[in-house]
Amino acid sequence: MNKNHLWWQTGVVYQIYPRSYADTTASGMGDLRGIIEKLDYLSNTLGVDAIWLSPFYPSPMKDFGYDVADYCDVDPRFGTLADFDELLEESHQRGMQIIIDWVPNHSSDQHEWFIESRSSRDNPKRDWYVWRDPKFDEDGNRPPPNNWQSLFGGIAWEWDEATEQYYLHSFVKEQPDLNWRNPELKAAMFGTLRFWLDKGVDGFRVDVAHFIMKDPALRDNPPVKVEGEAFHRSHGRAYDSQIHIHDQGHPDLHPIYKEMRQMLDEYSATSPRVSVGEIHVFDFEKLVEFYGTPADGLEFHLPFNFSLLKMPWEAQAFREEVDAYEAALPAWATPTFVLGNHDEGRIATRYGEMQSRVAAMLLLTLRGTPTVYYGEELGMTDVIVPPEKRLDPYGLSVPENGRDRCRTPMQWNTTQNAGLSDADPDELWLPIAENAAEKNVAAEVDDPQSHLALYRELLKTRKASNALRFGAYRSLDSGSPDVYLYERKTADETMLIALNFSDQPQLLPEIHGKVLLSTHLDQTVPGKLRPHEGLLLKKA
Ligand code: NOJ
């Protein structure tokens, strides 16, 4: 690696949803030891640089681990702290970094802090969560303090009969929001970061990082008029009928992340650490604020950019979005694009099988640090989970948005349960995809034109190219509205990437260079793109 570039600036991150990766106890869900067994696949077969683990903390699993009951331990269903230490050690030995999820906006209602907090109004931890009196109307009713809604449906306030106050929960009611305005809570949460940093973890993916500070006066959110197609997409939910200016994104959150960054910088003296922010902010000027500034203090190394998830599959739309984002970034900032994760539909289902290959080339050749969600390297597709097996709380309130579909078991081979687990198939936490017999690691690893082969080639080519790892980005006019063309360039290397977003062949005589890779993984010539083909060329 170039000594001026750190692993998180040039590497590729792979996200593992631990429940669905590899099960060593025949429990029907994955565990940490299962991940240890797959490290050679990740480092040698695939060739990623870092792993982000979705939560493995003790949890009642009301939101599948994003309801944390102890920030400094491992849920017995996933293993032990010793297993985690081994996973970290084994990953480091293979040159792979470990990023863990950190969930600062809310804990589980079973966390001992909340149990104490709810025990009485004068408990020392009462203020560690957001408790408020009802409004009390003239009829003696006790409506909640304001109109805020839970993202998973219903109002964001839960009445506590014993202490006669409401507590805030931006997600399910078993996920009470932590009060970051309380200095003791802040110190305790920062202590949980130190716990993992002292162990040697390489970074954190910060869950809903933009939620942690709310309007101190708890003012009502103003309404937004949701009409036509937008209303259809909102499922008529009250959440979507508000502009979320008071229940999230309060500027007071920035000093917290500056302080967090100082802690990470302090630890980076031994080895570079990273913070990745889950920030659903689509105004790039605002998103960029989450990087902080060298003058006033840095914040996140990598605030996720989710904007491409909203784009229709059109070359111009993607080009405009990437260009706008690149233009908004300070010169020193590292971009980071997202095309899939445990909250979104699978890429091959959203865009189509062939399109998902073009999307892979896009993700792995744009500037910045890409994250690949497990199974995307196989072209896994969404699984329609039958109603009686649905588990995701979001999907229970809005079935179309159910996230079980993208969390199904990793497809390793054609043995029982696609190789995830030795459990009885009825015991699997989620069902296996019907196409698992064709789309699995064993079948794809020896197929020179498989999805997996494409990811391997892309990762290999990227690793070998300075232009792809840290070169400048510039979009170019391709001559066709259906082809997104851009270059990645260093002083001594220029790569051209031409992506055909359409189902029509494209003749582009202006495009010259040596073809290094086609998403079809066969011989091809520059200047000629087949339907749904992406080309990576090296300029002479
Ligand atoms: C974002 C996570 O990605 C999602 O899975 C979770 O449900 C919410 N945050 C709440 O923690």
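The figures here come from the full heavy-atom set of this structure, side chains too, leaving out hydrogens, waters and symmetry mates. Read the numbers this way: they start at 1 and go in the same order the structure lists the ligands and their atoms. Given the structure is predicted, the values throughout are model-derived calculations rather than measurements.
- Closest to atom 10 (C) of ligand 1 by heavy atom, among Asp343, Asn105, Asp63, is Asp63.
- Ligand-side atoms of ligand 1 in range of His342: 2 (C), 3 (O), 4 (C), 5 (O), range being under 4.0 angstrom from any heavy atom.
- Of all atoms in ligand 1, numbered sequentially from 1 with element shown, those under 4.0 Å from a heavy atom of His106 are 10 (C), 11 (O).
- Residue contacts with ligand 1 for Arg205 involve side-chain atoms from C-beta outward but no N, CA, C or O (heavy atoms, distance under 4.0 Å).
- The option with the heavy atom closest to atom 1 (C) of ligand 1, from among Asp207, Asp392, Val172, Leu151, is Asp207.
- The distance from ligand 1 to the heavy atoms of Arg403 drops below 4.0 Å at these ligand atoms: 4 (C), 5 (O), 6 (C), 7 (O).
- By the 6.0 Å and 45° rule, Arg126 stacks over the aromatic ring of Trp131.
- Under the side chain to side chain contact (heavy atoms under 4.5 Å, CB included) test applied with Val206, the options Phe304, Phe290, Trp102 reduce to a single match, Trp102.
- Residue Asn221 forms a side chain to side chain contact (heavy atoms under 4.5 Å, CB included) with just one option from Asn147, Asn146, Ile243, and that option is Asn147.
- In Phe152, the part holding a heavy atom less than 4.0 Å from any atom of ligand 1 is the side chain.
- For the pair Lys310 and Phe282, the distance from NZ or CZ to the six-membered ring centre is under 6.0 Å and the angle to the ring normal is within 45 degrees.
- Of the listed residues (Tyr66, Tyr239, Tyr394, Phe211), just one forms a ring-ring contact (aromatic ring centres under 6.0 Å, His included) with Phe171, and that residue is Phe211.
- A cation-pi arrangement is present between Arg346 and Tyr374 under the rule of less than 6.0 angstrom and at most 45 degrees off the ring axis.
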**Item:** Intermediate values then yes/no, side-chain contact (heavy atoms from CB on, under 4.5 Å), Tyr21 and Trp412
**Value:** CA-CA 9 Å; Tyr21 211 60; Trp412 294 105; 3.5 Å; yes
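- The contact set between ligand 1 and Val208, taken as ligand atoms under 4.0 Å from a residue heavy atom, comprises 9 (N).
- Interface of Glu278 with ligand 1, defined as ligand atoms under 4.0 Å from a residue heavy atom, comprises 1 (C), 3 (O), 9 (N).
- Counting heavy atoms under 4.0 Å from ligand 1, residue Arg407 touches it through the side chain alone.
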